[in-house]
Amino acid sequence: MQTQEFEQRYIAARKKLIESEFAFLNPEQRQAVMTIDGPLLLLAGAGSGKTTVLINRIANLIRYGVASESDTVPDGATEADLAVLEAGASDEARRLAALDPVQPWRILAITFTNKAADELKTRLERTVGPAAADIWAQTFHSACVRILRRDADRLGFTKSFTIYDTTDSQNVVKHILKDFNLDEKLYPYRYILSVISKAKDEMLSPDAFMEQAKKSYDVRRTKIAEVYAEYARRLRDADAMDFDDLILNTVQLLQEYEDVRAYYQRKFRFVLVDEYQDTNHLQYLLARTLAGGYENICVVGDDDQSIYRFRGATIRNILEFEKDYPSARVIKLEQNYRSTGHILSAANAVIRNNLTRKGKTLWTAKDKGDRIQLHVAPNENDEAQYVADRILEAFSQGTPWSENAVLYRMNAQSNQLEYAFKRRGIPYRVYGGTKFFDRAEVKDVLAYLCVIANPSDELRLRRIINVPVRGIGQTSVEKCAELAARDGKTLYAVLQSAEQYPELQRAAGKLKDFAAMIDALRDMSAGAPLDAVYDALMERSGYIRALQVKETPENESRIENVKELKSNILSYIKDTGDSSLNGFLDEVALYTDLDSLDRDADCVVMMTIHSAKGLEFPTVFLVGAEEGIFPGLKAIGEQEEMEEERRLCYVAITRAMRRLFVTCAQQRMLFGRTSTNRVSRFVEEIPDGDLDRGYVPRGYNYSDAPRGFTQSVQRPQRQNPIRPVITPATAKAEPPQFQKGEMVEHRSFGRGMIVSMTPMGGDFLVEIAFDKVGTKRLMLKAAARLMKKL
DNA sequence: CGCACCACAATTTTT
DNA sequence: TTGTGGTGCG
């Protein structure tokens with residue numbers, strides 16, 4: 001018999017034990033980890049350790065189940081048990097503390113990026129061990145694919161439907177515009193896609209959208225409705241879904257099919273959503289529906305970091321979470337572990353100017369650190385030089401290149417910086433450039449694989465039907481398409497039975513051969529592992545052979561890329577243990593960022609502020625802080641847009657751990673036009689105490705400053721003493737594996753000779769004369785792993 | 001059919 | 001200014 005006193009002591013001891021397990025967290029973090037039941041909104045400021053909380057919350061669920069909040073005492077509990085619990089941490093005590101532990105497969109943790117999902121998985125693995133493998137830690141899109149692969153046939157797709165990426169969607173729309181004879185000026189495909197995307201977000205079917213458009217008597221909108229309908233039809237015919245469809249169709253599947261909904265709602269006892277401020281309406285619905293069984297939904301977000309409004313993200317989701325879930329509990333994480341005082345104070349001051357926000361103020365236990373350094377350069381060229389100089393200066397004092405990040409509003413701003421870095425031999429890497437999977441040759445091979453998996457995929461079929469050239473011209477393809485339309489077959493089906501069509505007599509043989517090749521590869525893919533299918537594809541299609549015919553450097557790099565794809569396949573098989581074609585294609589379709597930020601390479605990092613979200617760097621350069629650039633022209637005079645820009649600025653500032661430089665140019669040439677800009681209002685919003693304005697030329701708003709002055713001469717001395725400079729000679733320099741005069745083979749630049757080698761910091765600056773791409777200056781440490789001696 | 005040249009447009013973009 | 005996409009010619 002358990003007395004009331006016994007129960008209370010038992011519950012208290014149990015809670016104390018769990019608390020001690022998470023003693024390394026701060027009180028708010030710990031509270032978040034130990035809050036179990038019902039909806040929970042976690043307002044997590046930048047750098048407040050939200051991923052840590054997410055991980056440990058899951059760990060708590062798996063280890064202790066609902067124990068940290070429950071007032072239930074297990075039936076058979078004895079005095080002896082209590083004694084063990086009260087004695088504190090031991091394996092036995094931990095076992096006793098657990099109450100209804102949550103099975104890992106009943107936890108769904110949704111993120112936005114693959115990077116975030118991967119990080120979550122890796123850290124979960126480290127914290128909870130092998131159990132991590134069963135947790136659904138996925139992106140919105142990959143979770144939807146997983147759900148749809150089971151039941152897509154109920155929606156009229158096959159289970160091996162294809163995923164269209166943005167480029168595919170664009171191509172479909174472009175084709176439709178052409179077929180409909182619509183003027184591209186009046187109907188830009190980008191705009192149309194954004195309208196379609198918005199319609200999907202509101203769950204408006206093409207019919208419903210059309211009805212709405214007709215009611216508005218808007219001719220243009222009515223036309224767009226027709227395009228939308230045709231777009232939907234074509235994707236359906238191709239057995240394809242675009243990114244929005246993945247979410248939309250999942251929501252529809254769950255809404256329309258009681259049994260499917262019940263299955264997932266019973267399955268997911270706990271749902272966690274990361275970056276909740278970036279969810280759009282559909283994603284909100286999805287999360288809400290999936291969590292509909294137990295309503296144990298925990299969302300983590302920061303309204304101040306919502307920067308994807310233009311993509312449909314609505315800050316409403318986070319601002320009104322408490323309305324959506326009246327029983328919701330709210331916990332704010334306001335202690336920042338990333339940035340020093342001045343930086344944080346500046347971030348707070350800037351964001352405070354926004355009206356639409358929940359309101360929270362970050363604080364730090366760190367000291368004030370350096371003030372934010374402002375630099376007003378006469379033009380964008382000097383601005384870039386200033387940045388390069390500061391980085392070089394830091395490097396000579398022992399700071400690795402990779403501790404520096406340069407953030408800008410637009411990709412177009414990176415050029416001048418690249419130029420300045422190249423001239424000084426500063427190794428850098430630009431993120432957000434052309435991605436591996438966007439290369440034409442890679443897309444070709446992937447198109448082959450897509451067609452093998454899904455012959456209805458006409459878009460991709462058309463792409464490769466004559467690549468490499470096999471004598472199937474435009475005319476033949478169009479004729480086939482007409483026949484397909486006439487007989488209500490797919491284009492591919494016409495190819496397969498080409499000999500039956502007298503219209504095709506001349507091309508029939510080639511068409512049939514092509515279809516036979518794809519068919520054979522499909523048969524093979526049913527049994528053989530993917531890498532073998534790839535080899536067979538290369539052999540039978542002659543893709544690489546065709547590239548080898550002409551020995552140009554471009555073709556060589558194309559061959560490299562195609563082969564690189566095979567190593568991607570191999571590592572996919574190795575990582576997942578899955579060697580199916582469909583699995584790999586899903587991965588590729590949803591993975592935009594495979595060559596993601598690798599920490600090994602010691603390079604200065606350059607990217608847009610958008611791509612920097614979620615990252616941190618010891619030193620950050622925020623460049624182009626000018627009215628018209630940041631905030632952008634389009635935001636000036638628009639309240640909501642301006643607030644989004646300000647949030648973007650908040651994100652930028654809070655990326656910096658120890659040092660933040662803000663730069664702007666009085667005159668800037670952008671898109672071939674020179675303009676004179678004032679310093680960004682966001683800079684003016686930073687309190688004087690946190691900002692070192694450096695040297696400000698008289699009348700800095702205008703273009704009358706003397707040209708060609710250099711900042712270092714005219715700027716007053718910094719207040720903080722500059723650390724002694726380590727001369728390159730005294731820095732620890734490893735003996736180089738390479739020597740002057742040697743011939744080397746570089747992975748991207750090819751064959752070359754080392755012309756010079758200059759010690760610099762703990763590294764060497766090498767100059768290599770390449771046969772094909774001319775002389776390049778590289779930092780040896782970074783380059784060495786890409787080179788071998790010849 | 002492939003390549004060269006010219007016009008045109010250019011926030012941001014997790015999937 | 002730079003990159004891309006479309007057109008026209010060899």
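Note that these values count all heavy atoms, side chains included, but never hydrogens, waters or copies made by symmetry. Just so it is clear: chains get the letters A, B, ... in the order the sequence lines come, proteins before strands, and each one is counted from 1.
Base orientation of B/dT12: anti, since the glycosidic angle falls outside 90° of 0.
Judged by the 6.0 Å distance and 45° axis criteria, A/Arg234 is not positioned over the aromatic ring of A/Tyr164. In this structure, A/Arg338 is not positioned above the aromatic face of A/Phe617 in the sense of NZ or CZ being under 6.0 Å from the six-membered ring centre and within 45° of the axis.
Distance CD (A/Glu380) to P (C/dT2): 11 Å, rounded to an integer number of Å. Separating the OH atom of A/Tyr419 from the P atom of C/dT2 is a distance of 10 Å, rounded to the nearest angstrom. As a whole-Å value, the separation of A/Lys634 NZ from B/dA9 P is 13 Å. Nucleotide B/dA9 holds its C1' atom 10 Å from the CZ atom of A/Arg190, rounded to whole Å.
Under the side chain to side chain contact (heavy atoms under 4.5 Å, CB included) criterion, A/Arg311 pairs with A/Tyr308, sequence neighbours left out.
Applying the 4.0 Å criterion to OP1 and OP2 of B/dT12, one finds that A/Asn411 has a side-chain N or O inside that range. Between A/Thr139 and B/dT14 there is no side-chain N or O to OP1 or OP2 distance below 4.0 Å.
A/Glu275 and A/Gln277 are linked by a side-chain donor-acceptor pair at a separation below 3.5 angstrom, with hydrogens and angles left out of the test. For the 3.5 Å distance criterion, the side chains of A/Asn171 and A/Asp168 fail to qualify, holding no donor opposite an acceptor. Using a 3.5 Å distance cut-off with no hydrogens or angles, the side chains of A/Asn354 and A/Tyr650 do not pair a donor with an acceptor. Of the N and O atoms on the side chains of A/Thr356 and A/Glu643, at least one donor lies less than 3.5 Å from an acceptor on the other residue.
Taking the P atoms as reference points, B/dT12 lies 15 Å from C/dG5, given to the whole Å.
Judged by distance alone, with hydrogens and angles left aside, A/Arg409 brings no side-chain donor or acceptor close enough to the base of B/dT11 to form a pair under 3.5 Å.
Checking B/dT12, B/dT14, B/dT11 against the side-chain heavy atoms of A/Phe112 singles out B/dT14 as nearest. Among the nucleotides C/dT1, B/dT11, B/dT14, the one closest to any side-chain atom of A/Met669 is C/dT1. In this structure, the nucleotide among B/dT11, C/dT2, B/dT13 sitting nearest to the side chain of A/Ser611 is B/dT13.
A stacked arrangement is assigned to A/Phe310 and the six-membered base ring of B/dT12, with a centre-to-centre distance below 5.5 Å and an interplanar angle below 30°.
As judged by a 4.0 angstrom heavy-atom cut-off over every strand, A/Asp278 is placed among the base-contacting residues.
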Could you list the protein-to-nucleotides 1-7 of chain B atom pairs, N/O on both sides, closer than 3.5 Å?
unit_1	atom_1	unit_2	atom_2	d
B/dC1	OP1	A/Asn466	ND2	3.0
B/dC3	OP1	A/Lys550	NZ	2.8

